[in-house]
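Shown next, in structure tokens, is the structure this report addresses.
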Amino acid sequence: MSNGKGLTSQSQDFSAWYNEVVQQAELASHSPVRGCMVIRPYGYRIWELMQAALDEMFKATGHQNAYFPLFLPKSALDREAEHVEGFAPETAMVTHAGGAVLEEPLVVRPTSEAIIWPIVRDWIHSYRDLPVLLNQWANVVRWEMRTRPFLRTTEFLWQEGHTAHVSEEEAEAETRRMLGVYRTFMEQWMAMPVITGMQTDTERFAGGLRTYGCEALMKDNKALQAGTSHNLGQNFARAFDVRYQTEEGEHTYVWSTSWGVSTRLVGGLIMTHGDDEGLIIPPRLAPYEVVIVPIWKDDDQRATVMEAGGSVRADLEDAGVRVHVDDREGMNPGSKYYDWERRGVPLRLEIGPRDVKADSVMVVRRFTPEGTDRKTPMPMAGVGSSLRTMLDGIQDELFAAATRRRDAATIRGVEDYGEFQRLIADQGGFFYTGWCGEGECEKKVKEDTKATIRVIPDEEFRSAEVPSLCLCGARSVCEVVRARAY
RNA sequence: CGGGGCGUGGCUCAGUCCGGUAGAGCGCUGCGUUCGGGACGCAGAGGUCCCCGGUUCAAAUCCGGGCGCCCCGACCA
């Protein structure tokens with residue numbers, strides 16, 4: 001990879017392919033500290049576009065942004081027994097500061113429940129103060145054993161929603177509503193199909209009541225948990241004494257929720273759409289939806305071509321398209337083609353003297369499903385709206401292709417354990433099976449096959465007929481989706 | 001925390017076994033020729049060889065100690 005030309009193929013070594021794409025597309029690089037990554041401008045722009053879309057959706061559902069501190073007193077984290085137990089192994093702690101040993105160590109937030117609720121409790125007095133609908137964009141730290149760029153890093157960026165409600169029903173509705181927001185975002189912006197549903201007890205958020213999640217299937221047929229939404233019940237309200245006065249004058253605990261998605265989504269995006277040529281970014285999240293590559297031989301041609309490129313750019317910008325003109329000198333067009341293909345830009349426009357003369361541009365697609373032409377000439381007039389339409393089409397095609405791929409790797413109704421073990425080892429993918437409801441059984445299957453229960457699917461994803469038997473042979477109580485996961 | 005690998009110019013690495021003037025390719029800078037799918041010529045810049053100690057006339061290389069990172073597994077968004 002020394003010259004940046006080759007890329008390990010996905011079939012040869014998916015993990016190597018992933019690392020090389022991250023590096024070559026200039027999404028991120030390693031930092032001096034183990035497990036931490038530098039998000040480079042091109043990668044950060046993708047995250048910014050994700051943030052912008054999500055933030056708008058949060059605001060539209062009535063949430064307000066706020067910011068709570070990075071540090072929390074260790075004693076605060078300790079307040080909720082299960083919560084502290086769940087996060088203790090992966091917390092980083094500050095014991096020294098200002099040249100002295102601190103009286104009380106500070107925990108670097110692994111999540112912010114323990115700092116938010118002791119503060120927000122003072123904002124809540126009456127049922128009239130509810131619901132409280134907060135969100136914060138922040139970094140968190142979880143000391144993980146094994147890290148991978150975007151998918152699992154020691155420090156990562158995310159948003160965490162935190163809400164408080166008057167009733168369990170309202171909290172549950174909020175939990176489900178935000179799961180729906182995530183699903184919409186993943187499908188419509190990321191073009192990444194997901195299965196939503198409830199997590200089993202082993203995957204439940206430490207200290208929460210119920211956890212729901214969005215599960216996506218990557219191109220190597222491994223599952224990725226792309227977002228989670230937790231109904232926390234009254235556990236945190238009790239731990240942090242968050243109460244309100246009801247209409248009837250009683251004092252009672254609030255019902256709270258939390259929900260989050262992280263920079264992990266960038267990893268999901270890479271592994272949902274990328275191919276052996278590199279990254280493929282859906283238009284809605286592409287830093288550049290269109291890159292213009294001007295072609296010239298001499299200064300006269302350069303001037304002509306750049307002028308045409310400039311007006312095409314203006315036309316595209318007017319049509320609301322993010323566009324970039326690659327006017328780098330001393331690099332020939334072919335090199336630029338490869339460069340932008342590796343970076344996943346949906347459309348490339350080639351504009352040379354011949355095109356200017358013909359009043360047209362050459363449009364080249366990054367993503368070409370069966371039956372589509374890679375290159376097509378297009379009249380320069382009206383190029384803005386033509387390409388806007390084309391980009392919208394590509395967005396849909398990517399989602400359709402990803403959904404087809406996911407469905408092709410989905411197997412339903414397996415009851416025989418031997419067959420399951422064979423299939424999961426040979427091809428991976430999503431397996432809809434029965435489950436007896438026992439944690440011990442879930443654990444054994446994981447030990448045998450590395451496959452976990454990703455989710456108890458919501459009704460719309462369930463099979464017409466739920467298998468009557470669990471893999472262990474016992475009667476199943478529900479259908480679950482199993483997979484090997486990141 | 002186990003197992004493996006690695007630390008040498010911005011990047012990928014050779015050189016280490018067998019001590020003797022620090023190298024290659026790519027990238028970078030300048031000039032010129034190129035430019036419709038990964039260009040070429042000429043000139044040039046760029047290094048505490050991870051750190052500390054030891055052996056030696058002499059250490060990237062040998063010895064001792066340390067640190068760090070990556071990859072593969074057990075835990076996790």
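In what follows, every heavy atom counts, from backbone to side chain, and hydrogens, waters and symmetry copies are set aside. Just so you know, these numbers come straight off a predicted model, no measurement behind them.
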RNA chain B: 5'-proximal contact among I295(A) and T154(A) (nearest heavy atom):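 Nearest-nucleotide comparison on RNA chain B picks I295(A).
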
Along RNA chain B (nearest heavy atom to each residue), the more 5'-positioned of G227(A) and G352(A):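 Looking at the nearest nucleotide for each, G352(A) comes out on the 5' side.
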
Closest to the [X] side chain, choosing from [options]:
X	options	answer
K446(A)	C35(B), G36(B), C75(B)	C75(B)
T228(A)	G37(B), A77(B), C35(B)	A77(B)
R354(A)	C75(B), G37(B), G36(B)	G36(B)
S262(A)	A77(B), C75(B), G38(B)	A77(B)

Ring centroids of Y338(A) and G38(B) base under 5.5 Å with planes under 30°: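 Stacking is present between G38(B) and Y338(A), given that their ring centres fall under 5.5 Å apart and the planes under 30°.
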
Need one value for [X]: base, sugar-phosphate or nothing, where a base atom within 4.0 Å counts as base even if backbone is also close, heavy atoms only.
X	result
T263(A)	nothing
R328(A)	nothing
T153(A)	base
P353(A)	base
G35(A)	sugar-phosphate

Look through every strand shown and name the nucleotide pairing with [N] as Watson-Crick or G-U wobble, where both distances are under 3.5 Å.
N	result
G2(B)	C72(B)
C57(B)	G20(B)
G9(B)	none
C42(B)	G30(B)
U48(B)	none

Between D220(A) and W17(A), a side-chain donor and acceptor under 3.5 Å: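 No, because no side-chain N or O of D220(A) sits under 3.5 Å from a partner of the opposite role on W17(A).
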
G37(B) base / E341(A) side chain donor-acceptor hit below 3.5 Å: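 Between G37(B) and E341(A), which were checked side chain against base, a qualifying N/O pair under 3.5 Å is present.
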
hbond_proxy D339(A) side chain to G38(B) base (donor-acceptor, 3.5 Å cutoff):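 Donor-acceptor pair under 3.5 Å: no.
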
side-chain N/O [X] vs [N] OP1/OP2, d < 4.0 Å:
X	N	answer
R142(A)	A77(B)	no
K357(A)	G36(B)	no
N19(A)	C70(B)	no

Whole Å only: how far is the [atom1] atom of [X] from the [atom2] atom of [N]?
X	N	atom1	atom2	result
E350(A)	G37(B)	CD	C1'	8 Å
F156(A)	A77(B)	CZ	P	9 Å
D355(A)	G36(B)	CG	P	13 Å
F205(A)	C75(B)	CZ	P	20 Å
R365(A)	G37(B)	CZ	C1'	19 Å

Distance flag, aromatic centroids of W47(A) and F150(A), threshold under 6.0 Å: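 Ring-ring flag for F150(A)/W47(A): false, centres at least 6.0 Å apart.
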
Aromatic contact, F205(A) with F87(A) (centres under 6.0 Å):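 Under 6.0 Å, so yes.
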
Greater than 12 external heavy atoms within 6.0 Å of D426(A)'s CG: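 Counting neighbours around CG of D426(A), more than 12 heavy atoms of other residues, nucleotides or ligands fall under 6.0 Å, so yes.
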
Side-chain donor/acceptor of H83(A) to backbone N/O of A206(A), under 3.5 Å: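 Present.
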
Nearest-Å distance once atom P is located in both C57(B) and G19(B):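 Straight-line distance between the two P atoms is 15 Å.
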
Carboxylate-amine/guanidinium contact E329(A) R302(A), below 4.0 Å: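 Yes, charged N to carboxylate O under 4.0 Å.
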
